[in-house]
Amino acid sequence: MRAVVHAVVHRGAVRSGNEDTLAVGDWVAPDDIERPKRFTHELTTPLPVIVADGMGGHAAGDVASRYVTETILQGAADVQGAGDAGNLLLHVNRRLYEAMAQGLGASGMGTTVAGVILREIGAVVFNVGDSRIYRMDPGARALTQLSVDDTPGPKMANGRTAQQITPMVSQSLGGQPSYTAIEPHAEDDAPPVDGTCYLVCSDGLSDLLSAGEIEEILARADDDEGDFCAVDRLFQAALDRGGKDNVTIALVRCLA
């Protein structure tokens, strides 16, 4: 079994900087990527795919998202199941506060994170905040959301709350002036089969496109070229909707 990943990360159409961080395997995106980048990974070894969204309005959100991503990567190979993933996120949260106390970035910097660690024997998905993970099974046209949104109120189909405002997250890695504990979300997922897809994204996508709109675009993708086009269409659709936030998208397809 192998995984083919197509991914983009971009500041969007409004913000002057990019506070998102994307990692595929041991590769961490250096800057904006406007066209989908392709990766192939044999699943004889674990493949981590991580999206961290530095909190807008907080100083050094980009520093927080990169620090968290790189620290997760350091422990990803040891994650055998959901319990390990949850413990790793607890460890990373502590490390982030310790790094702030030692002068890294700025006090109170924070980030959300969502990711999947994929092996032939199964996947582990994890998140804190409102970055998302979806799965689409072979032959299906519907997405299953695997992540849990840490937001104060329920989101409607278009990603907004019932109050029609973009919500603050109810928990994050860092994000407070002093150490604050988190309750991370982590789940074991079934072993992938030929055609299993995972979509990991920041809310720069999911706040602007409904799950149904994302499904419609992904349903057209059934091969390598289709996945490239699907990620590109998702990115362009987010920009067409105003691109009000940084946009990060990683589409992972498992192939026998």
Side-chain angles (χ1 to χ4, degrees), residues 6-24 27-37 49-70 72 96 99-100 104-115 127-134 147 149-153 155-156 158-161 163-177 199-211 213-214 217 231-251:
H6 290 84
V8 296
V9 54
H10 194 269
R11 69 189 61 192
V14 174
R15 297 195 173 182
S16 59
N18 191 357
E19 295 182 317
D20 286 3
T21 299
L22 164 70
V24 179
W27 178 86
V28 180
D31 207 341
D32 290 358
I33 301 170
E34 295 190 357
R35 300 290 286 171
K37 187 173 177 65
V49 178
I50 302 167
V51 171
D53 181 353
M55 293 169 62
H58 285 60
D62 57 333
V63 178
S65 68
R66 183 165 290 268
Y67 182 86
V68 161
T69 298
E70 292 176 346
I72 291 173
L96 179 59
M100 284 189 280
L104 178 69
S107 176
M109 66 181 182
T111 184
T112 71
V113 70
N127 83 286
V128 175
D130 59 355
S131 294
R132 285 186 177 177
I133 309 156
Y134 297 98
S147 55
D149 288 337
D150 287 319
T151 52
K155 286 189 174 183
M156 302 192 304
N158 64 357
R160 288 186 171 273
T161 65
Q163 293 77 26
Q164 293 293 299
I165 60 172
T166 302
M168 295 292 291
V169 293
S170 55
Q171 66 169 350
S172 62
L173 297 166
Q176 302 296 329
L199 177 70
V200 189
C201 63
S202 64
D203 65 349
L205 177 70
S206 59
D207 271 359
L208 296 178
L209 275 72
S210 69
E213 291 171 318
I214 296 172
I217 292 172
V231 171
D232 192 47
R233 288 191 188 106
L234 290 171
F235 170 58
Q236 294 300 328
L239 293 185
D240 290 345
R241 295 282 174 87
K244 65 182 180 66
D245 200 352
N246 307 148
V247 184
T248 303
I249 306 165
L251 178 61

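Just so it is clear, the model here is predicted, and its values are computed rather than measured.
Distance check, rounded to the nearest 0.5 Å: SG of Cys201 to CG of Leu251 gives 10.5 Å. Atom CD1 of Ile214 sits about 5.5 Å away from atom CG of Leu209, to the nearest 0.5 Å. If you take CG on Asp232 and CD on Gln236, they are separated by 5.0 Å, rounding to the nearest 0.5 Å. In this structure, CG on Leu199 lies 10.0 Å from CD1 on Ile133, to the nearest 0.5 angstrom. Remark: Ser206 OG to Ile249 CD1 distance equals 10.0 Å, nearest 0.5 Å. Taking CG of Asp130 as the start and OG1 of Thr151 as the end, the distance is 7.0 Å to the nearest 0.5 Å.
The heavy-atom pair separating Gly243 from Leu208 by the smallest distance is N-CD1, 4.0 Å. The nearest pair of heavy atoms linking Asp207 to Lys244 is OD2-NZ, 3.9 Å. Of all heavy-atom pairs between Ile33 and Val8, the closest is O-CB, 3.6 Å. Across all their heavy atoms, Gly242 and Ala13 have their closest contact at O-CB, 3.6 Å. Smallest separation of non-hydrogen atoms from Val200 and Ala114: CG1-O, 3.6 Å. Closest non-hydrogen pair, Asp62 versus Asn18, comes out as CB-O, 3.7 Å.
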- Task: Give the intermediate values and the outcome of side chain to side chain contact (heavy atoms under 4.5 Å, CB included) for residues Glu213 and Ile217.
- Result: CA-CA 7 Å; Glu213 291 171 318; Ile217 292 172; 5.8 Å; no
(Q) Does Glu34 form a side chain to side chain contact (heavy atoms under 4.5 Å, CB included) with His10? I'd like the steps, not just the answer. (A) CA-CA 6 Å; Glu34 295 190 357; His10 194 269; 3.3 Å; yes
What's the verdict on side chain to side chain contact (heavy atoms under 4.5 Å, CB included) for Val28 and Leu22, showing C-alpha distance, side-chain angles and the deciding distance?
CA-CA 6 Å; Val28 180; Leu22 164 70; over 6 Å; no
Test Arg132 against Asp149 for salt bridge (Lys or Arg N to Asp or Glu O under 4.0 Å), laying out the working first.
CA-CA 7 Å; Arg132 285 186 177 177; Asp149 288 337; 2.6 Å; yes
Q. Does the side chain to side chain contact (heavy atoms under 4.5 Å, CB included) test come out yes or no for Val113 and Leu173, once each step is laid out?
A. CA-CA 8 Å; Val113 70; Leu173 297 166; 3.6 Å; yes
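Arg233 pairs by the side-chain hydrogen bond (donor to acceptor under 3.5 Å, both in side chains) definition with nothing, not counting sequence neighbours. With sequence neighbours excluded, the residues forming a side-chain hydrogen bond (donor to acceptor under 3.5 Å, both in side chains) with Asp150 are Gln171, His185, listed by chain and number. Applying the salt bridge (Lys or Arg N to Asp or Glu O under 4.0 Å) criterion to Glu70, with sequence neighbours excluded, gives Arg66.
Side-chain atoms of Thr112 never come within 3.5 Å of backbone atoms of Gly129 as a donor-acceptor pair (strictly under, hydrogens ignored). No side-chain donor-acceptor contact under 3.5 Å links Ser147 to the backbone of Asn127. Of the possible polar contacts, one joining the Ser202 side chain to the Thr248 backbone as a donor-acceptor pair under 3.5 Å is found. A donor-acceptor contact shorter than 3.5 Å is absent between the side chain of Arg11 and the backbone of Asn246.
Looking at heavy atoms from C-beta onward, Glu19 lies out of side-chain contact with Met55 at the 4.5 angstrom threshold. Between Leu96 and Val68 there is a side-chain heavy-atom pair separated by less than 4.5 Å. For the pair Lys37 and His6, the minimum side-chain heavy-atom distance is 4.5 Å or more.
Val63 pairs with exactly one of Leu104, Thr21, Thr111 by the side-chain contact (heavy atoms from CB on, under 4.5 Å) rule, that one being Leu104.
Salt bridge annotation for Asp245-Arg15: present, with a cationic side-chain nitrogen under 4.0 angstrom from a carboxylate oxygen.
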